[in-house]
Amino acid sequence: MAKKNAPSRFVEIYTQKSPGISKVLVDMATGVNYFFHSECDGYGSAGGLTPLLNPDGTPVVTPPEMFMQPK
């Protein structure tokens, strides 16, 4: 179970609605970017998740530091 006030593991960096819903999520632990799409307006059973890939087949990685707030 997640700790209260713990930072989220995934950050949503892009959302597009119509048709369905598409999102790009970044895993804050690894920096790997994922593409999620659902034909439902939410997280229904008619959806899928896959890592985004560079042209050479390696995963797209966004350094998690890009999302950190300056102290």
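Everything numeric in this text was worked out from a predicted model, so none of it was measured. Values below: every heavy atom of this structure, side chains too, minus hydrogens, waters and symmetry copies.
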Under 3.5 Å: donor-acceptor pair, side chain of His37, backbone of Ile21: yes
Heavy-atom donor-acceptor pair, Asp27 side chain to Leu25 backbone, under 3.5 Å: no
Least distance between heavy atoms, Val61 atom then Thr30 atom: CG1-O, 3.9 Å
Thr58: partners by side chain to side chain donor-acceptor pair (under 3.5 Å), with sequence neighbours left out: Asn54, Asp56
By side chain to side chain donor-acceptor pair (under 3.5 Å) - contacts of Tyr14 (at least two apart): Gln16
Test item: Asn33 side-chain N/O and Val26 main-chain N/O as donor-acceptor pair under 3.5 Å: no
Side chain to side chain contact (heavy atoms under 4.5 Å, CB included) assessment of Glu12 paired with Lys23: CA-CA 7 Å; Glu12 184 178 313; Lys23 297 181 179 196; 3.3 Å; yes
Hphob cluster co-occupancy, Leu53 + Val32, side-chain heavy atoms under 4.5 angstrom: no
Worked verdict on Phe35 versus Ser22 for side chain to side chain contact (heavy atoms under 4.5 Å, CB included): CA-CA 7 Å; Phe35 176 76; Ser22 298; 3.8 Å; yes
Tyr34 OH to Ile13 CD1 distance, which is reported to the nearest 0.5 Å: 13.0 Å
